[in-house]
Amino acid sequence: TFKQYMDENSGLRTMIEEGRGKLEWERKIPDENLSELKDLLSAADFKANMPKIIKRIYELSWDMFGDLPRGHHKNNSMHKLASKTMIEILPDNLAAHVEKKCGALASTPDFFDVIGQVSWYEAEA
């Protein structure tokens, strides 16, 4: 039974207790990488930086999910992380624009929708 197995491997109980509060259900790109992306997106000519931003977000997502085998689950996980990252680094003016076009950002709109809205953004005169 499972109880017997746990009794035979008592070190597992300690490992479970010590790691219990450290469990993370979602992955997040480290803050030091986010600041680099925020700087690129906050620039006056941020549209020129969009290819670099998109490429870097995908590279970071790939690294974050390096432990998953290639396939549908990895692609979906990377895509969701890319979208959350893009929303997290948006300056206030772009975040307001994307929210107006895509709805509440808390529901995590699709990455391509966010990129599309950011690329169509024009500052109000």
Side-chain angles (χ1 to χ4, degrees):
T1 67
F2 182 71
K3 183 176 179 347
Q4 290 171 331
Y5 174 80
M6 289 301 290
D7 289 342
E8 292 168 7
N9 299 284
S10 60
L12 292 175
R13 291 184 197 278
T14 307
M15 184 171 50
I16 290 168
E17 280 300 318
E18 289 174 356
R20 179 178 280 172
K22 299 176 186 171
L23 186 62
E24 293 182 18
W25 291 102
E26 292 188 354
R27 299 183 188 187
K28 183 181 177 312
I29 292 180
D31 290 336
E32 57 270 10
N33 297 114
L34 290 180
S35 63
E36 165 200 348
L37 292 169
K38 284 180 182 179
D39 291 344
L40 288 170
L41 200 52
S42 296
D45 63 338
F46 70 91
K47 289 184 183 183
N49 294 333
M50 287 303 290
K52 285 186 233 171
I53 294 168
I54 294 168
K55 181 178 186 276
R56 187 68 181 131
I57 288 174
Y58 270 122
E59 288 172 348
L60 292 167
S61 296
W62 179 266
D63 290 344
M64 292 300 297
F65 290 102
D67 59 326
L68 295 180
R70 286 186 176 206
H72 184 70
H73 185 67
K74 182 173 188 161
N75 287 344
N76 286 348
S77 298
M78 287 176 49
H79 196 76
K80 187 173 181 179
L81 180 62
S83 182
K84 286 183 179 221
T85 302
M86 189 65 188
I87 290 167
E88 188 173 344
I89 65 171
L90 287 174
D92 291 340
N93 60 333
L94 289 174
H97 174 74
V98 171
E99 190 166 26
K100 186 169 75 174
K101 299 292 184 175
C102 295
L105 297 181
S107 64
T108 313
D110 183 69
F111 182 63
F112 297 122
D113 290 342
V114 174
I115 294 296
Q117 294 304 326
V118 168
S119 67
W120 283 100
Y121 176 78
E122 293 293 333
E124 296 176 10

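FYI, side chains are in, hydrogens and waters are out, and symmetry mates aren't considered; it's all heavy atoms of this structure.
- Using a 4.0 Å cut-off between a side-chain N of Lys or Arg and a carboxylate O of Asp or Glu, Glu17 and Arg13 do not qualify as a salt bridge.
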| task | Starting from the C-alpha separation in whole Å, work towards a yes-or-no answer on side-chain contact (heavy atoms from CB on, under 4.5 Å) for Val98 and Leu105. | result | CA-CA 8 Å; Val98 171; Leu105 297 181; 3.7 Å; yes
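- Taken from CG in Asn49 to NZ in Lys55, the straight-line distance is 14.0 Å, to the nearest 0.5 Å.
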| field | side-chain contact (heavy atoms from CB on, under 4.5 Å) assessment of Ile53 paired with Met86 | value | CA-CA 9 Å; Ile53 294 168; Met86 189 65 188; 4.2 Å; yes
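- Summarising the geometry, atom CD belonging to Glu8 is positioned 11.0 Å from atom NZ belonging to Lys3; distances are rounded to the nearest 0.5 Å.
- Asp113 is not listed as a side-chain neighbour of Ser83, based on a closest heavy-atom distance of 4.5 Å or more.
- Each of Leu81, Thr85, Leu37 was checked for a side-chain contact (heavy atoms from CB on, under 4.5 Å) with Leu60, and the lone residue meeting it is Leu37.
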| Worked check of side-chain contact (heavy atoms from CB on, under 4.5 Å) between Lys38 and Leu90 | CA-CA 7 Å; Lys38 284 180 182 179; Leu90 287 174; over 6 Å; no
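- Taking every heavy atom of both residues into account, Leu41 and Phe46 meet most closely at O-CB, 3.3 Å.
- Linking Ile, Leu, Val, Met, Phe, Trp and Tyr residues whenever their side-chain heavy atoms come within less than 4.5 Å places Met15 and Tyr5 in a single cluster.
- One distance of note links CG of Leu68 with CE of Met78; it measures 10.0 Å at 0.5 Å rounding.
- Side-chain contact between Ile115 and Ile54: present, with at least one pair of heavy atoms (C-beta onward) separated by less than 4.5 Å.
- In this structure a side-chain-to-backbone donor-acceptor pair under 3.5 Å is present from Ser119 to Gly116.
- Annotation: the span from Asn33 atom CG to Lys28 atom NZ amounts to 9.5 Å, rounded to 0.5 Å.
- Within the model, atoms CZ of Arg27 and OG of Ser77 stand 7.5 Å from one another, a figure rounded to the nearest 0.5 Å.
- Counting only residues at least two apart or on different chains, the ring-ring contact (aromatic ring centres under 6.0 Å, His included) pairs with a member in residues 68-92 are His79-Phe112.
- The heavy-atom pair separating Ala82 from Tyr58 by the smallest distance is CB-CE2, 4.4 Å.
- Looking only at distances, no side-chain donor or acceptor of Thr108 sits under 3.5 Å from a matching main-chain atom of Lys84.
- Between Tyr121 and His97, the angle of the ring planes goes over 60°, which puts this pair in the perpendicular group of the 30/60° scheme.
- The backbone N or O of Asp39 sits nowhere less than 3.5 Å from a side-chain atom of Ser42 that would complete a donor-acceptor pair.
- A distance of 6.0 Å separates NZ in Lys52 from CG in Leu40, rounded to the nearest 0.5 Å.
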| Stepwise side-chain contact (heavy atoms from CB on, under 4.5 Å) test for Ile16 and Met6 | CA-CA 11 Å; Ile16 290 168; Met6 289 301 290; 3.9 Å; yes
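- In this structure, the side chains of Ile89 and Ile57 come closer than 4.5 Å at one or more pairs of heavy atoms.
- For the pair Lys74 and Asp67, the salt-bridge criterion is not met [side-chain N within less than 4.0 Å of a carboxylate O].
- Taking Lys47 as the reference, Glu122 meet the salt bridge (Lys or Arg N to Asp or Glu O under 4.0 Å) condition, with sequence neighbours excluded.
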